[in-house]
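Take a look at the structure below.
Scope of the values below: all heavy atoms of this structure, side chains included, with no hydrogens, waters or symmetry mates. By convention in this document, chain letters (A, B, ...) are assigned in the order of the sequence lines, proteins followed by strands, and residues within each chain are numbered from 1.
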Number of protein chains: 2
Amino acid sequence: MTVTETETTTGTGADTCAGPPQGDRRPDGADKYTISEVVALTGLTAHTLRWYERIGLMPHIDRSHTGQRRYSNRDLDWLALVGKLRLTGMPVADMVRYAELVREGDHTYTERFELLKQTREDVLSRIAELQGTLAVLDRKIGFYADAGRALASERAR
Amino acid sequence: MTVTETETTTGTGADTCAGPPQGDRRPDGADKYTISEVVALTGLTAHTLRWYERIGLMPHIDRSHTGQRRYSNRDLDWLALVGKLRLTGMPVADMVRYAELVREGDHTYTERFELLKQTREDVLSRIAELQGTLAVLDRKIGFYADAGRALASERAR
DNA sequence: TAGAACCCTGGAGTGCACTCCAAGCAAGCG
DNA sequence: CGCTTGCTTGGAGTGCACTCCAGGGTTCTA
C-alpha cells in the first residue's frame, strides 16, 4: 500500500471544513489552472506561489507546452493545507520539511505522523494561549465599560 | 474621574489568569527592578525591553541616580498585557498606538475601548481559524493512523 | 580596591516571509 | 500585424520584530 497525500483529492474523501468557499474547482482530469486562477482561488500572490515552488514548499508544478505553470486540483489541496498550517504560525521551513517527507515516500510515514501530532499539540496550546488573552481582554473591556457607565452617570447629574 | 491603566496594579483588582506564575513581585512601594530582573520575570531580552521603550511601547521607565532603568510593578503589568497582545499576533505598531492613547489621557477613552473590542473580535476569529485547522489536522492524523493500522495488519499476515 | 558582572547608548545587522523588478517570451484580439 | 495582457526567470528589495555590537560607565563581591 502507498501512503501519499492523495487523501484530500476530491475522489477519496470529502474535503470537510475547507475554510472559505473555494468552489470553482474544475472536475479532476480537466483540472488545469493558470497561476492567475490559483491567485484568485487561494488569495496568495503569483509571486508567493512561485516562491513556494522555489523553496520546495510545492511539488514541481506541471507546465504547458510553452513552460507556463498549470496547477492541478491536488496542488490546490496542498495549498489549502499549507494555508491552514500557515495560520497556525508554523514556520515555512517546517512546512518545507513536511513537503520533503511527502516527496520522499512511504518510509517517512512515521515521521510525518509525529509531525502532524506535534503540530496538533501546538495548535491546542495556541488556542489555550488565545483564550487566556481573551480573558484578559474581557476583564479590561469590562473595566472600560464600567468606567464608561460611571462617566455617563456623572454627566447625567 | 480618571481612566488610566492603573486597574491592573496589585491594589485595584486581582490579576486573574496571568499565564505563567510570574510571582516574585516586590510589594508596591518597594517595586524597583533592574532590567535583568525584568528579563528573568518576563522572558524578554534586555535588548527587547530597551527597544520597546525606544519605539514608545513602554512609558519612560524610572531611572536610578546613575541612569539605570528601574522598573515598577506597573511596568510589569504593562509588559504582561503587551505579552498577551503580542501572542494574538497584534502588530507592535498597533500596541504602540494603544500605548499612545493611554499616555494621552482620558479623552482617548472611547478609542481605547473600541480598540480593545476590535482586538477581542480578532482573537475570537483567530481561535475559530485555529479550530478549523485543528479539524483538518485531526482528519489527516486519522488518515495516518488508519494507514498505520493497515500497514500493521499487512505485516501481521 | 580590584575584578567580575551588569548596564548604558546609537546604530548596524539578522532572519523571516514575502514582494518587487527588469527583461523577455507567449497568447488572444481587432 | 500590432497591441494588450499574462507568464517566465534570477536576483534584489521590503517590513517587521527583534538582535547584536562597540565602547564606555556602574555596582557588587572578595
Side-chain angles (χ1 to χ4, degrees), chain A residues 32-72 75-76 78-79 81-100 119 122 126 129 133, chain B residues 32-72 75-76 78-79 81-100 119 122 126 129 133:
Chain A
K32 299 262 165 242
Y33 307 86
T34 66
I35 199 166
S36 61
E37 285 170 323
V38 178
V39 164
L41 253 38
T42 61
L44 297 168
T45 70
H47 297 302
T48 302
L49 286 168
R50 287 190 277 255
W51 178 67
Y52 277 2
E53 201 178 330
R54 251 199 321 228
I55 64 174
L57 183 52
M58 292 292 294
H60 284 302
I61 302 298
D62 271 4
R63 299 299 179 113
S64 72
H65 67 106
T66 54
Q68 299 196 349
R69 287 173 184 79
R70 293 293 178 259
Y71 291 81
S72 69
D75 297 326
L76 293 182
W78 177 254
L79 282 171
L81 176 64
V82 165
K84 289 286 181 195
L85 293 179
R86 204 168 46 115
L87 51 81
T88 69
M90 182 188 273
V92 167
D94 289 6
M95 292 191 271
V96 170
R97 174 81 190 124
Y98 184 75
E100 277 165 4
T119 304
D122 294 347
R126 264 198 98 57
E129 277 178 353
T133 303
Chain B
K32 300 261 165 239
Y33 307 86
T34 67
I35 199 165
S36 63
E37 287 171 322
V38 177
V39 164
L41 254 39
T42 62
L44 298 167
T45 70
H47 297 302
T48 302
L49 287 168
R50 288 190 275 255
W51 178 67
Y52 277 2
E53 200 178 330
R54 253 202 316 234
I55 64 174
L57 183 52
M58 292 291 294
H60 284 302
I61 302 296
D62 271 4
R63 299 300 179 112
S64 73
H65 68 106
T66 55
Q68 298 197 349
R69 287 173 183 78
R70 292 295 176 254
Y71 291 81
S72 67
D75 297 326
L76 292 182
W78 177 253
L79 282 170
L81 175 65
V82 165
K84 288 288 181 194
L85 293 179
R86 203 167 48 115
L87 54 79
T88 69
M90 183 189 272
V92 167
D94 290 6
M95 291 192 272
V96 170
R97 175 79 190 123
Y98 184 76
E100 278 166 3
T119 303
D122 294 348
R126 267 198 94 61
E129 276 177 354
T133 303

ask   = Starting at CG of B:Leu87 and ending at P of D:dA17, how long is that distance when rounded to a whole Å?
value = 14 Å
query = Whole-Å distance between D:dC16 P and B:Leu85 CG?
reply = 18 Å
message = At less than 4.0 Å, is any side-chain N or O atom of A:Arg69 found next to OP1 or OP2 of C:dA26? Yes or no.
response = no
inquiry  = Please give me the minimum heavy-atom distance between B:Glu53 and B:Arg69, naming the atom from each residue.
reply    = OE1-NE, 2.6 Å
message = Show, in sequence, the C-alpha distance, side-chain angles and deciding distance for B:Val38 and B:Leu44, and conclude whether the side chain to side chain contact (heavy atoms under 4.5 Å, CB included) test is met.
response = CA-CA 8 Å; B:Val38 177; B:Leu44 298 167; over 6 Å; no
key: Whole angstrom value for the distance that separates C1' of C:dC16 from CG of A:Asp94   = 12 Å
remark   = Taking for B:Ser64 and for B:Pro91 the nucleotide of DNA chain D with the nearest heavy atom, the one nearer the 5' end belongs to B:Pro91
task = Answer with base, sugar-phosphate or nothing: what part of the nucleic acid does A:Arg54 contact at a heavy-atom distance below 4.0 Å?
result = base
ask   = Taking OH from A:Tyr52 and P from C:dA17, how many angstroms apart are they, rounded to a whole number?
value = 9 Å
inquiry  = If the cut-off is 4.0 Å, is B:Ser36 near the phosphate of C:dC7, judged by side-chain N/O to OP1 or OP2?
reply    = yes
inquiry  = Check the phosphate of D:dT9 against A:Arg63, side-chain N and O only, distance under 4.0 Å to OP1 or OP2. Yes or no?
reply    = yes
query = Salt-bridged, B:Arg97 to B:Glu100, with N to O below 4.0 Å?
reply = yes
B:Asp75/B:Ser72 under side-chain hydrogen bond (donor to acceptor under 3.5 Å, both in side chains): CA gap, chis, key distance, verdict = CA-CA 5 Å; B:Asp75 297 326; B:Ser72 67; 3.1 Å; yes
N or O in side chain of B:Thr66 less than 4.0 angstrom from C:dC7 OP1/OP2 = no
message = Applying a 4.0 Å non-hydrogen cut-off, can you work out what A:Arg86 is touching in the nucleic acid: base, sugar-phosphate, or nothing?
response = sugar-phosphate
request  = Could you check how far CZ of A:Arg50 sits from P of D:dA12, rounded to whole Å?
outcome  = 18 Å
ask   = Checking all strands, does B:Arg70 fall into the base, sugar-phosphate, or nothing category for heavy-atom contacts under 4.0 angstrom?
value = nothing
remark   = Walking DNA chain C from its 5' end, the first of A:Thr45 and A:Gln68 to be reached, judged by nearest nucleotide, is A:Thr45
request  = Please report, rounded to the nearest Å, how far the C1' atom of D:dA17 is from the CG atom of B:Leu49.
outcome  = 14 Å
task = Can you tell me the distance, in whole Å, between the CH2 atom of A:Trp51 and the P atom of C:dC16?
result = 10 Å
message = Here's a test of your reading of the structure: between B:His47 and A:Thr34, which maps to the more 5' nucleotide of DNA chain D?
response = A:Thr34
Between D:dT5 (P) and A:Ile35 (CD1): distance, integer Å = 19 Å
inquiry  = Name the residue from A:Thr34, A:Leu41, A:Thr42, A:Ile61 that meets the side chain to side chain contact (heavy atoms under 4.5 Å, CB included) definition with A:Tyr71.
reply    = A:Ile61
